[in-house]
Amino acid sequence: MADGDHLLSLRGVCKSFGGIQAVHSISFDVDAGESVGLVGPNGAGKTTLFNCVCGQLRPEEGDVVFDGTLLNGMPTYKRARLGIGRTYQKVEVFTDMSVRDHLMVAERARRGEGRLWRDLCNMSNPTADEKERVDATLELVGITQLADISVNALGLGNCRLVELARALAAEPKILLADEPSSGLDLRETEELAAVLRTVQRERGTAVLLVEHDLSMVAQVVDRAVVMDVGAMLAAGTFDEVMANPEVRNAYLGQVDAV
Amino acid sequence: MEQFFGFAFTGLPYGCTYALVAVCLVLTYQATGVFNFAFGAQAFASAFIFTWLTQYKNWSGFEAFLVSVVAMGPLVGYAFDRLLFRHIANSNTTAKMVCSLALLVGIPSLLPVIFGPQNLDATATILPFFNPNVVYFTLAGQPINGIDLSAVSVTVVVLVLLTILLRYTALGLQMRAAVESRRLVQLDGVDGNGVVAVAWIVSSFMASLAGVLFAPTFGAFTQDDYVTLTVVAIAAAAWALLRSLPIAAGMAVFIGVLTTVLQGYISPSSFFYATILPSLPFIFLVGALLFLPKMRELDASRDPLATIDPPPPPIAAASRAPTMNRIIRTLWWIVFAGFCVSMLTWIPDSWTTVFNNGLTYSIVLLSITLITGMAGQLSLCQATLAGVGAFTAAQLATHLGLNLLVGGLVGAALAAAVAVVLALLSLRLKGLGLALMTLAAALLFDATFFNETSITGGPQGISVQAKWLGTSAFFNFNGHAMFLLSLGVLIVVVFLVLLVRKGTVGRNLAAMRGSETATAGLGVNPSWQRIMVFALSGAVAGIGGLLHSLEQQVVSPTDWNADISLVLVVLVVTTSVTTVEGAIQAGIGFFVTEQVLTTVLPARIGGSSLTVVLFAFGALTYAAHPEGVLEYQKRRHTMRFERLFFAKEAEAEERKAARAISTSGANG
């Protein structure tokens, strides 16, 4: 692994929309198997930064290096095949499809499959190996019983779990989880945090977590990076950054005020 | 310079009428989110009524104007909103497009059904003080008559009034707000439905006005003349990014003027005059789609309340109880066997031809199942791709003596190649952008390749000769050989479509319909998936096109023009665009309905026109039932049947699903 053995390295990443600087010169690293929290108030630029890492947005300046590969200019699907998985702030599920099919899409996409001639020759039926891996992921996330149900019938909480399972089915080296507990109740949030911890510890998947629920962040992450108005405010262990007066002023101060 | 201005002034009246329709498109899109392809058809309908009243009923131009524009325009607009578009305000772009395409196809077909075929020659103007036969003055050597004056002056007045309405009134502000979300402005206490209804009334009035201003510039006119009006207006609206009324109007006038200037300078006998000039509006449209990045964002949903909409219902086959499924499958096989035996034994020759036509059309329609049903995109050039396949095979047979069926495979490959080029050009376009690109391609082919006698043999087409097939069996009136060939190819195509649907590509396309962002985020290359499905769809259309032309015994450009592409879409969405049986039902249903209506009804009404009207009305239900009317009825009756005979089994399935959801960790 190049770049000082870091799995993901951001170097001076900048992104603006018109005159608004959404992300300004952000630099930090995530190591393999590490769990990092990315916190900050609304409008801090966290999701924009995720979009820059995944390739949905192109940064104007700076480099994104993943597993030794410079990602600048690389399309989203190629970054995903390198091992970047993601869940979304606004749930993105495939309407009409069963939960199992969601995972099957991810399983095949991971290997860049999708050749028409194989479909036309009836060579695209799921193999025993694929079924086994899909079942294992369903079990890991705890949604085995939903496997054959269409996502149309599921509520927000289950859809978030489906999204997480789909991202994990691609066996990413890093999972970017964008506010996964949004819309979930306390019990569901705890269960989700447990799944993320399991994924990190048992599969060795690095996790970059954007989350407003600081108790969940505290449960899941090893380190935290705090952003505010597009810039990086602090970085360190969760307790360190929470003790930082600037962070308290910019982020927690608002919570206190509320 | 005087000559230049002379040519330019000639184009001004055309440009003004184009501007009116372009403004209608932008206004409606901005206020309602609907891109109404049917404004050209509405303009034609008003011109039809106006001319019919003045020419055959001896009404004055002003009286006819009051009926065909002042009364009919707003009434039609209000009816469109009240009866149709209001109910699909929250539907997706494809549903809205399909409904407006159904109107585009249905309205011109309805007129001959009501009034009978008419030879229309417009000579009257709407304003009594402008005499069409009087030259009032000359500009740069060009005589300006009452037709030119009324077109320009009326357009200027109407556009000024519209600008005042939109910029300086509360209603204009509400219209601009309603486009984001009609439901959201209602929460703010604004009568969103009323605001949108006004937008429809105003724009329909303007379309009708454009129609009656446009007709006298031609004198004798047909529906085809209004295709140009529609396409120029679409191109101008596209350059205005469907946002700016002044840019849309200005661009429309520019295209109108540029056309007449080029007509003046280019020799009528030159290649450019015959091919490039008629293609000018399409070139402008393609240019806007390729070079304006904002055109790629047209489909982004802007309704903040969109998430409260329920998901579409599953197709009948996916929601049936297992026993019911087995029964229906068995019944299908029995019907299929009965149909085959009947076709080969007792069905009379005239009906054999009808069914053969239906089978070959079904193959072409399956190409739409691939693109629209599986990829969720609307292609408006499937007839063109069918024509590419048919003409390629005919040309190879004519010049190289290649067997027509072997040539058909080459034709299918060429149609696939054309489809791939189109897919590459449209990689960043979706929904409306893609539909417009494919429509432009279809019209471009009509104006160029399909208009070239050396390729198509002229309007009468190329007659299929028995020696090209090595047998005359396909020409026998009992049609058995043709039936077996069509059925064999149809079965192969059906299996291919089913294999793709259940395979990786089909699953990826289904995922892309749900969320292209998330699909790409998993490692799927959306562009490549789309190119593959376009290629397959092109090949299927090419083969279907050849077989249908073979059944007709002539490969004719009129069988595969842009109008037919629109009709094909209307046919298949009426039944079901998501299932293979939907395509087959549409193909056979169209020809059977036409045959029945032709036999039963008087010739004046015209079986073909009425059939198109009936299917167009069927397609209008697409928004309410995106799975197709037949599919909706199938699901409804299946559920009723299940409740009667398999209630326990169906309930057990439902309970199983409910239990799984309720026992999962996060049941929302």
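Convention: sequence-line order gives letters A, B, ...; per-chain numbering from 1. Because the structure is predicted, anything quoted here is derived from the model rather than measured.
- Between atom CD of residue Gln529(B) and atom OH of residue Tyr77(A) there is a gap of 10.5 Å, rounded to the nearest 0.5 Å.
- For Val105(A), the parts lying under 4.5 angstrom from a heavy atom of chain B are both the backbone and the side chain.
- Rounded to the nearest 0.5 Å, atoms CG (Leu116(A)) and CH2 (Trp528(B)) are 8.5 Å apart.
- Interface remark: Pro172(A) contributes no atoms to any contact with chain B (heavy atom separation under 4.5 Å).
- Side-chain atoms of Asp119(A) come within 3.5 Å of backbone N or O of Thr504(B) as a donor-acceptor pair.
- Counted within 6.0 Å of CD1 on Ile20(A), heavy atoms from surrounding residues, nucleotides or ligands total 12 or fewer; the atom is thus considered open.
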Practice task
Dump the intermediate steps for side-chain contact (heavy atoms from CB on, under 4.5 Å) on Asn122(A) and Lys502(B), then the final yes or no.
Solution key: CA-CA 9 Å; Asn122(A) 198 18; Lys502(B) 76 164 189 161; 3.2 Å; yes
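- Looking at Asp185(A), neither its backbone nor its side chain comes within 4.5 Å of chain B, counting heavy atoms on both sides.
- Under the 3.5 Å distance criterion, with hydrogens and angles disregarded, no donor-acceptor pair is assigned to the side chains of Asn525(B) and Lys78(A).
- No more than 12 heavy atoms of other residues, nucleotides or ligands lie within 6.0 Å of CD in Glu139(A), so this atom counts as exposed by the packing criterion.
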Handout entry: Residue pair Asp101(A), Arg507(B): steps toward the side-chain contact (heavy atoms from CB on, under 4.5 Å) verdict
Key = CA-CA 7 Å; Asp101(A) 276 345; Arg507(B) 209 180 276 122; 3.4 Å; yes
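- With chain B as the partner, the residue from Ala170(A), Gly85(A), Ala106(A) showing the most heavy-atom pairs under 4.5 Å is Ala106(A).
- Heavy atoms of Arg166(A) lying under 4.5 Å from chain B belong to its backbone as well as its side chain.
- Among the residues in residues 509-523 of chain B, those with a non-hydrogen atom closer than 4.5 angstrom to a non-hydrogen atom of chain A are Ala510(B), Ala511(B), Gly514(B), Ser515(B), Thr517(B), Ala518(B), Thr519(B), Ala520(B), Gly521(B), Leu522(B), Gly523(B).
- Contact annotation for Leu82(A): neither backbone nor side-chain heavy atoms come within less than 4.5 Å of a heavy atom of chain B.
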